[in-house]
Amino acid sequence: MNHYDFRVVEEKWQRYWEEHGFYQIEEDASKPKYYCLEMFPYPSGRLHMGHVRNYAIGDVVARYHTMRGYNVLHPMGWDAFGLPAENAAIQRNIHPSEWTRHNIEYMRTQLKRMGLSYDWRREVTSCLPDYYRWTQWLFLQMYHNGLAYKKAAAVNWCPSCNTVLANEQVVNDACERCGTVVERRELEQWFFRITKYADRLLDNLDKLDGWPEKVKIMQANWIGRSEGAEILFPVKGFDEHLAVFTTRPDTIFGATYMVLAPEHPLVDKLISGTPNEGAIRSFIAQVAAQDEMDRTAEHTEKLGMFTGGYCINPATKEEIPVWIGNYVLMGYGTGAIMAVPAHDQRDLDFARKYGLKVRVVIQPDGDLDGETMVEAYTGPGRLVNSGQFDGLPSEEAIEAITKFLEGQGLGRFQVNYRLRDWLISRQRYWGAPIPIVYCEQCGTVPVPEEMLPVYLPMDVAFKPTGQSPLVEADEFVHTECPRCGGKAKRETDTMDTFVCSSWYFLRYADPHNESLPFAKEKVDYWMPVDQYIGGVEHAILHLMYARFFQMVMSDLGLVTVDEPFQNLLTQGMVLKGGIKMSKSKGNIVDPDHIINEYGADTARVFVLFASPPEKELEWSDEGVEGAYRFLNRVWRLVNAYADQLGETEELDVNRLTKQERDLWRTVNLAIKKVTEDVEERFNFNTAISSIMELTNALYLYKEGSGEVNRALLAAALEKLLLLLAPFAPHITDELWSRLGRTESIHLQKWPDYDEAALQVEEITVVIQVNGRVRDRLVVPVDVAEDELKERALALPRVQEFVDGKQVVKVILVPGKLVNIVVK
RNA sequence: GCCGGAGUGGGGGAACGGCAGACCCGGGGGACUUAAAAUCCCCUGCUCGCAAGGGCGUGCGGGUUCGAAUCCCGCCUCCGGCACCA
């Protein structure tokens with residue numbers, strides 16, 4: 001027997017699988033399909049442990065389902081556009097495409113060394129024209145269906161770099177590159193109309209039974225649907241109305257003032273030419289600056305100023321003052337509120353600070369006093385001070401008052417969302433160009449589909465100005481209008497990389513299609529993804545954008561299903577020393593190092609064994625050692641018998657000794673446990689522990705004094721390897737062949753357990769007195785209840801505790817325990 | 001502040017309301033060895049006890065139950081998400 005040389009074993013089998021096209025998959029109507037997908041990585045340079053964990057989990061799921069007889073699609077690709085490539089270009093004078101290609105090549109070899117069962121023929125790379133061509137094509141579908149539009153939006157602007165920054169690039173209100181304080185600026189930007197799908201994105205969550213509740217809640221909160229009313233307040237002295245959104249129209253009689261966001265368009269009209277105009281404008285400028293300051297601060301002080309204008313409360317007909325306040329946001333609702341200080345804490349704080357009127361209109365049991373109250377009452381109650389609505393419960397008043405206002409043309413039911421439209425414009429080079437040209441004659445013109453792709457030019461200059469090199473790429477910018485042939489300029493913004501990752505899972509179904517992003521029938525065969533696996537950090541954005549795309553495509557008839565991911569598994573982070581592994585913390589463990597020292601099988605077994613997938617994983621070098629020891633133990637065990645088990649007779653379970661039956665039961669228990677753990681719960685850690693227990697039992701049997709039953713041993717070792725195969729694919733294939741099997745273990749069927757083998761003749765029953773374990777009894781499984789009770793009561797240890805007391809009752813849990821309750 | 005999740009031995013982690021701590025690591029002991037490593041076997045929550053055995057133990061305080069790590073109520077701590085959302 002030679003020792004476990006994982007290098008030789010892993011190389012050998014990786015080559016064997018590749019040469020024999022093991023993981024190359026086609027549609028096959030004769031088998032049930034299973035689409036197993038892990039989130040594709042950004043090619044940052046090398047794999048990190050989070051990737052190893054993610055892909056190890058996915059590979060177990062894929063291999064298990066293959067053994068279960070499914071036709072398994074298990075692809076991999078690259079989310080290859082993104083900012084780091086541009087930074088590398090500037091810092092190291094290497095072209096983003098070159099840098100990215102290089103990283104992909106290296107990371108691909110890393111993935112291959114992990115022994116993952118990908119169909120590499122289906123690899124997709126989002127930065128290549130044969131992929132982004134279809135990203136652009138999908139943009140055009142959005143555009144033609146009114147789902148892509150352009151509008152001015154406030155963005156983070158760095159005056160020194162002359163460019164827009166993504167939120168992530170703004171650190172403490174300063175540009176992350178040059179440290180200049182960031183401004184807000186209005187720029188024309190492209191958007192996808194995701195808000196049109198807000199309700200469907202929300203409602204469909206109920207259908208997603210296979211998603212973690214946590215993720216669904218996060219998405220629901222992000223969408224932030226709230227029901228209420230839009231109410232129009234006539235503006236005194238102007239022929240117009242101020243619209244507000246409120247979830248509490250029942251409190252309108254308590255609206256004693258209005259507050260506008262500083263950016264609200266009405267502000268200008270109200271203050272123009274008034275004596276206070278200058279003061280107010282400087283206040284607004286101050287708020288605009290402060291607004292950017294710390295949005296994250298706990299409770300920023302509420303600041304405001306009276307505009308001098310008034311509105312008419314449509315319920316009370318009173319004139320109420322219109323204020324500007326920093327606590328009202330232009331980005332939500334209408335950018336204006338009716339302030340009901342008695343029933344909203346923020347309004348109350350504001351009213352107290354500026355001495356505004358507080359009127360109680362909802363009265364719960366106690367009695368609130370508008371003069372003295374310090375805490376707003378936001379609960380339900382009966383209406384007071386509300387004219388004809390007095391006495392009505394607030395829940396009913398919501399509807400009644402909204403209808404009342406509606407009758408006057410001053411209100412209506414309205415649903416509001418926190419969700420904003422998706423801003424997809426990036427003033428970046430390394431992204432998919434937005435296929436739009438601006439013609440001097442025709443205006444905004446979409447590039448016709450047959451002219452795609454709009455190639456990203458390669459010969460551009462990278463300067464540390466922060467400005468996209470596309471802007472100065474004259475050959476790219478200056479073009480002909482596809483409609484009139486006249487002079488035109490190309491859009492120089494590229495698309496957010498989340499656009500690329502919103503449909504890649506569909507391209508895997510038909511990765512080389514040159515006339516369409518994918519053939520519908522192929523996508524229809526594979527979709528939806530049966531199991532999607534990735535980091536929880538994508539719980540909101542990526543997963544919501546992908547759902548949105550899928551819905552749009554299903555509405556356009558490009559696909560049939562409208563939810564892309566049937567089941568979702570969000571894996572936890574990889575920690576070391578209790579904190580997330582990161583370069584800046586200096587606590588990185590390099591996967592290459594582990595694979596070089598211990599091999600891919602060990603790395604896989606360790607990350608799967610150390611923690612359940614959804615939880616965080618604490619890295620442990622000793623733990624890796626343990627996983628390695630375990631595989632060595634399996635190696636020695638199988639090799640010890642490999643030569644002798646070549647031709648054994650069939651296992652006859654009816655002729656086993658007691659000890660042998662116990663071993664056979666352990667085998668079958670392991671099959672049951674591993675199957676359930678993998679299939680139902682993804683508890684790979686406990687699955688592996690069962691395999692370890694089986695290994696331990698086999699060692700004890702081997703080391704025992706008796707003659708070994710070769711047929712039993714052969715069967716047990718086979719099952720052991722089959723169970724371990726999805727976790728440690730190389731060593732199991734090697735050992736499988738050493739057991740004399742000529743066909744790879746990965747082509748075998750997943751083992752079934754034998755129900756009969758699980759049966760026992762005797763069981764140990766726990767005997768409790770008042771819920772505390774006092775003794776145990778070994779009894780036949782079919783023991784009569786009365787007899788069990790009698791025997792339990794007769795036990796001397798039980799008698800000690802029962803003596804002199806009265807037996808109140810005896811609880812009997814069949815097969816488990818007897819609890820004698822005494823007083 | 002709001003919404004999630006988690007607190008179990010020295011560490012990672014197991015436990016359909018029914019033997020708390022499977023399995024792995026660490027620690028201790030034994031076997032093998034001239035010796036060490038590797039390997040194989042045994043022990044390993046705390047505490048009292050020579051032992052048999054007892055008591056205490058799942059963040060804290062209550063409760064439900066014959067029986068609670070698990071269910072309910074009230075707290076504390078940590079992690080994640082959202083954050084003046086009208």
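FYI, side chains are in, hydrogens and waters are out, and symmetry mates aren't considered; it's all heavy atoms of this structure. A, B, ... follow the sequence lines: proteins, then strands. Residue 1 opens every chain.
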Using salt bridge (Lys or Arg N to Asp or Glu O under 4.0 Å) as the criterion, list what pairs up with A/Arg53, not counting sequence neighbours. none

Would you mind classifying the nucleic acid contact of A/Ser620 as base, sugar-phosphate or nothing, using non-hydrogen atoms under 4.0 angstrom? nothing

Contact list please: residues 797-810 of chain A against RNA chain B, heavy atoms, distance less than 4.0 Å, in numerical order. A/Arg797, A/Phe801, A/Lys809

Check the interface with nucleotides 14-18 of chain B: list each N/O to N/O pair with the protein under 3.5 Å, or write none.
unit_1	atom_1	unit_2	atom_2	d
B/A14	OP1	A/Asn685	ND2	2.9
B/A14	O5'	A/Asn685	ND2	3.4
B/C16	N4	A/Lys816	NZ	2.8
B/G18	N2	A/Gln768	OE1	3.4
B/G18	N2	A/Asn819	ND2	3.4

Does any pair with a residue in residues 679-689 of chain A pass side-chain hydrogen bond (donor to acceptor under 3.5 Å, both in side chains), and if so which ones, sequence neighbours excluded? A/Tyr64-A/Glu679, A/Asp677-A/Arg681, A/Asp677-A/Thr686

So, using side chain to side chain contact (heavy atoms under 4.5 Å, CB included) as the criterion, who are the partners of A/His542 when residues are at least two apart? A/Met39, A/Phe498, A/Ser501, A/Tyr504, A/Tyr532, A/His538, A/Ala546

By salt bridge (Lys or Arg N to Asp or Glu O under 4.0 Å), A/Lys216 pairs with (sequence neighbours left out) A/Glu213

Which residues satisfy the side chain to side chain contact (heavy atoms under 4.5 Å, CB included) test with A/Glu395, sequence neighbours excluded? A/Pro380, A/Pro393

Calculate, to the nearest 0.5 Å, the distance between atoms CG and CZ belonging to A/Leu201 and A/Arg547 respectively. 5.0 Å

What pairs of nitrogen or oxygen atoms, one from the protein and one from nucleotides 26-28 of chain B, lie under 3.5 Å apart?
unit_1	atom_1	unit_2	atom_2	d
B/G26	OP2	A/Arg629	NH2	3.1

Holding to ring-ring contact (aromatic ring centres under 6.0 Å, His included), I want the full list of residues that pass it with A/Phe350, two or more places apart in sequence or in another chain. A/Tyr257, A/Trp323, A/Tyr327, A/Tyr354

Is A/Asp347 touching bases, backbone alone, or none of the nucleic acid, heavy atoms closer than 4.0 Å? nothing

I'd like a table of donor-acceptor pairs (distance under 3.5 Å, sequence neighbours excluded) in which one partner is a side-chain atom from residues 814-823 of chain A, with atom names and distances.
unit_1	atom_1	unit_2	atom_2	d
A/Asn819	OD1	A/Asn770	N	3.4
A/Asn819	OD1	A/Gly771	N	2.9

What protein N or O atoms touch nucleotides 69-74 of chain B N or O atoms at under 3.5 angstrom, if any, and at what distances?
none

Can you pull out the residues from residues 665-672 of chain A that lie within a 4.0 Å heavy-atom distance of RNA chain B? none

Taking only the side-chain nitrogens and oxygens of A/Arg418, find out if one of them lies under 4.0 Å from OP1 or OP2 of B/C84. no

